[in-house]
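Index from 1, following the sequence.
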Amino acid sequence: MSVELALGDVLLVDLRFWGKERGLEGARYPLVCHGLDAAAAVRWLWKRYLSARVRAGLAEAVGLTEEQTCRVLEFWAAAHDVGKLTPGFQEQVGVPEGYLPDSTGRRCRHEEASHIWLPSALTAVEHTTNSRNARLIAQMLGGHHGVFRRRDSADFRPGMFVHLGLGDSSWDLQRHAHLQAWRALLEPPTLPRRLSRHAAAVATGVVILADWLVSQIDYVRSRLPSLPEQGDLPSLSEFLSGSREATESVVRQAGLSRLRLRDGTFEEEFGFDEPNELQSSIAAELPGLLGNPGLLMIAAPTGFGKTEAALHAARLLSDAAGTSGMFFALPTMATSDEMFNRIARYVVRRAETGVAQSLLHGMAWLKPLRETLEQIHAEEGLSSDDETQVHGLEWLQGLKRAMLAPVGVGTIDQALLAVLPVRHNALRLFSLLGKTVVIDEVHAFSPYMRRLLCTLLGWLGEWNVPVVLLSATLPRNIAAELAAAYRGQNTGTPPDVPVPYPGWTYIERESGIKTRPVDFPRSHRRTLSVQLRPVAVARESGPDRLPVLREVLAPIVVDEGGGCALVLCTTVAEAQQTYRALRDWLGETDVDLRLLHARYPMHRRETLTAELMRAFGKPQRGDGGASHVGNRPAKAVVVATQVVEQSLDLDFDLVVSDLAPIELLLQRAGRLQRHSGWDPHRPAWADVSRGGQRRFIVLTAPDGDLHRLPRSWKFIYPPISLIRAHRLLAERAARGVRIPDDVQELVDRGNPGQFPDLDDPSVSGFTEEEIRRSAESLVETGTADSASIPVPKALTNLTDLSKGSLEEEQVTTRFNADSHRALPLFRTHDGALRLGGAHGESLPVPREGKLSKDELKSIMKHTVPVPGSVVRGKDERHQLPEPWREITVLRDLVVLPHHIDEDGTVHPASVGGRKLLLDDVLGLLAVE
């Protein structure tokens, strides 16, 4: 090397901000060593974490062997921080002797300096004229803090460096010395002749992860004694060898490994005596179709074992595709929490070795994941030592790192963030591309979310990532749109995709579409007796359900036949109103009346949901094989909102629902006599074997006049979707709805696609509403197109992935989402602040401006999710007082201050002219 490496002065970080509280006072960590650490981490990630699919994809993208590609990535990772060799960065701790400080007054961020300097340096060091790839690699490494920037071509000319804050020639020589040292030690091949932009984005994810791993304080401290005294190649080579040994444990301790599930039959995987028709079909036929990775769509009624079918299929797909992890996406936090327990048990039981598992949603940090996993290990009779216990729980906390876990369960929002232009989305893409992705309830997505999903499927398809989509009600036009997105085709006019119901469709990116209908067992076929019942509607109070409910619930209440009913309301306010009306009517009867909606404090909602699952969930087999009825009430009415229609395995003898889009009504009908294990215990009026009926009551407009639909229903759902649903059900009033025979036709006719057919008789008299629905759908998809990143083939510049320095909280995965987390806070007459009520626990007081994690959890479990309209008009009175408001996690809470008089009277909170009261039974409600 022509210039000696300035080991003592060239720093990894500004240690003034680290040293005092972390025990690194006066430490100097040479940049050349940090680069070698990052390179060593890349090698272990390549060997132990990256999937075979991602390794092959990167190697193909650069036209090298996998070993050569690994060495190229090592070199790139080593060079990512070369921009720290600038006067502006080094001035933080003092410019080394012999180097001039910056005279321009222009401080350039170190990642931007890497981006500016590397193009000319790479072409000079490697004696190549491949400037296009050099510029792309430089932009890639300049994005290692999660944001890609565009620079004008003039910025890359060496003569401009000093004016851009990169320093004079002495700094430039030092940067070249580092680059030459890394190249000599790592021996990468010359600059690849080709490199796609989307592959560069994925490579950025690898670099970011390696950088994070070796920037941990404990790791840096552990390597300080091994720093070389000289900057010669033999000394640095010895240091590199030590880094390769040290980073192996760093990667393992972070929980970064590959998921390997044991082979086995379906029965061995799940302990079933005999899989059902859907499960048997996938187990028997899917393996023979697995040439290239593809998209598997499973459409079947609720309660038909789709989750187990998806897990079995995901294992088969993973083995064939060479993926090394799994991400299971669901529509809500509540369904994600429920699914995490199921997936965790499956993985603990079937994984060859212990792997890290993560839960991903905004409130996941409140969940006791370690305790849950340890309990599952114990219940499965497995050891909890280092070989089988889940690693990395601590490091994988936080949504940006949690996606890196080999097994993840979370909301679909966490996956969709990968295709929004947020900081570190390249890391999210990288983490997803190594997994098999399972997405549940795809029918529930709005046009906006579905368009984001199409972009995600475009990336997954380009990288040959296997995907499983699950739905109980999947319209053909939506199936075609999603399939086209995965195959890289035009989603505007996609080719038709057959959707057998029940059954499955397997779609490879380059080849054909294979469909497999499934015979529906006679024992599971059913006919729903559907009744459309008009309700009166008052302008102020909304629909009056009580007269109809008194009639349809009479077999349970008046005739004392017993039974369990579910009443589904469109809004929380209407569910609360209906519950109170039923409570007054039922009076002193022995009917078990319950309420569930989204506007309870977190801990209360979890308790209520668990109680519902115990009482109305899948029957447990007792001695002799009989269904256990101990927890199921003899007489019960549950009033709920949409929270029970997705992924909650509940069974009722009667279901009453407000009018809703047809696919949602069919979902709700899936809670009607769902489990045959309860059939012997049903009342005579609901027992089909004794002449009873499966009654599905749908409440509709007064006198059936669809022009008079309740305003609240039209606010939640497109009016034309309600009109279609009413007319489709009216057609079947005489003979009922046959499951599964009628389902696909109903969902197809209820979801005609983006462009209206104004001659469709189901919209006769309501063409304006149909045109409005189509226009709103176009607005949503257009907004999604503007908000999302391009699909791989349309990616013209890495800056298309960033579009600014947006953080995740600055974008939305749901159209017109405006939600807040409210904290009802009770101030007693003596000034004490309490949670939950007058006699609730005290609000924890910060010590030195901090609260422990348990204290933060104790606060957050009392929060209530609310739409923005509920707290419109909030001001500084609805913020936590000092010092609580300075704590990041609590900063955005909307406080609802309840005041308590000395006699115990509770006064509701006031927000924007509205009064809100937290009621123990009803949850958060508006009061007069």
Side-chain angles (χ1 to χ4, degrees), residues 51-54 57 198 202 259 282 286-287 289-300 306-307 309-331 339 343 360 403 406-419 428-445 449-471 474 478-489 491 494 497 499 503-516 791-792:
S51 70
R53 176 59 50 189
V54 169
H198 61 86
V202 176
L259 172 66
I282 289 176
L286 181 61
L289 303 180
L290 298 180
N292 295 312
L295 172 69
L296 175 66
M297 296 182 179
I298 301 176
K306 290 193 295 295
T307 298
L311 289 172
H312 185 73
R315 178 180 64 78
L316 296 174
L317 289 164
S318 296
D319 291 345
T323 54
S324 58
M326 176 174 59
F327 182 71
F328 207 114
L330 298 110
M339 187 60 70
I343 301 298
L360 290 90
M403 186 67 81
V407 178
V409 177
T411 57
I412 182 61
D413 311 78
Q414 299 304 318
L416 296 182
L417 281 171
V419 294
R428 283 185 178 271
L429 282 169
F430 159 67
S431 65
L432 281 172
L433 297 182
K435 296 178 171 65
T436 296
V437 178
V438 182
I439 304 175
D440 200 3
E441 310 275 10
V442 293
H443 60 272
F445 295 177
M449 292 181 69
R450 196 163 63 245
R451 195 61 158 213
L452 295 182
L453 176 59
C454 284
T455 302
L456 177 61
L457 289 173
W459 278 86
L460 298 177
E462 180 69 29
W463 280 77
N464 292 307
V465 175
V467 178
V468 181
L469 302 180
L470 304 177
S471 179
L474 184 62
I478 293 177
E481 179 185 4
L482 299 177
Y486 184 82
R487 302 180 81 182
Q489 299 170 337
T491 58
V497 174
V499 182
W504 49 280
T505 302
Y506 186 64
I507 304 157
E508 290 185 350
R509 185 172 170 87
E510 303 296 340
S511 56
I513 298 172
K514 307 170 182 72
T515 62
R516 294 294 185 270
V791 294

Stepwise side-chain contact (heavy atoms from CB on, under 4.5 Å) test for Ile282 and Ile298: CA-CA 10 Å; Ile282 289 176; Ile298 301 176; 3.6 Å; yes

Between Leu453 and Met449, does a side-chain contact (heavy atoms from CB on, under 4.5 Å) hold up when you go through it step by step? CA-CA 6 Å; Leu453 176 59; Met449 292 181 69; over 6 Å; no

Might you work through the side-chain hydrogen bond (donor to acceptor under 3.5 Å, both in side chains) test for Ser51 and Thr323, ending with a clear yes or no? CA-CA 5 Å; Ser51 70; Thr323 54; over 6 Å; no

Passes side-chain contact (heavy atoms from CB on, under 4.5 Å), Trp504 versus Leu286? Steps please. CA-CA 10 Å; Trp504 49 280; Leu286 181 61; 4.0 Å; yes

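Here the side chains of Val437 and Pro466 are not in contact, with every heavy-atom distance at 4.5 Å or above. Taking the side chain as every heavy atom from C-beta outward, Leu330 and Thr411 never approach each other to under 4.5 Å. With contacts defined as side-chain heavy-atom distances shorter than 4.5 Å, the pair Trp459/Leu432 does not qualify.
Leu456 contributes atom CG, which lies 6.0 Å from atom CD1 of Ile439 (distance to the nearest 0.5 angstrom). Atom-to-atom distance recorded for His198:NE2 and Glu462:CD is 4.5 Å, nearest 0.5 angstrom. To the nearest 0.5 angstrom, Leu311 atom CG is 11.0 Å from Thr436 atom OG1. Here the CG atom belonging to Leu429 is positioned 10.5 Å from the CG atom belonging to Leu417, to the nearest 0.5 angstrom. Rounding to the nearest 0.5 Å places CE of Met326 at 6.5 Å from CG of Leu259. Here the CE atom belonging to Met297 is positioned 6.0 Å from the CG atom belonging to Leu474, to the nearest 0.5 angstrom.
In terms of the salt bridge (charged side-chain N to carboxylate O under 4.0 Å, His left out) criterion, Arg53 has no residue partners (sequence neighbours excluded). Residues passing the side chain to side chain contact (heavy atoms under 4.5 Å, CB included) test with Val497 are Ala480, Ala483, Thr505, Ile507, Ile513, sequence neighbours excluded.
Partner of Val442 under the side-chain contact (heavy atoms from CB on, under 4.5 Å) criterion, chosen from Leu469, Leu470, Ile412: Leu469.
With Tyr506 contributing its side chain and Gly294 its backbone, the two residues share a donor-acceptor pair below 3.5 Å. When atom types are taken as modelled, the side chain of Arg428 and the backbone of Ala415 share no donor-acceptor pair closer than 3.5 angstrom. Under a 3.5 Å cut-off, the side chain of Lys306 and the backbone N or O of Ala300 do form a donor-acceptor pair.
Heavy atoms only, all atoms of each residue included: Ser471 and His443 are closest at OG-ND1, 2.9 Å. Here the closest heavy-atom approach between residue Phe328 and residue Thr307 is recorded as CZ-CG2, 4.4 Å. For the residue pair Ala314 and Val438, the shortest heavy atom distance occurs at CB-CG2, 4.2 Å. Of all the heavy atoms in Gly408 and Leu360, the pair that sits closest is CA-CD1, 4.1 Å. Residues Val499 and Ala299 approach most closely at CG1-CB, 4.0 Å, considering heavy atoms. Closest of all the heavy-atom pairs between Glu510 and Arg487 is C-NH2, 4.3 Å.
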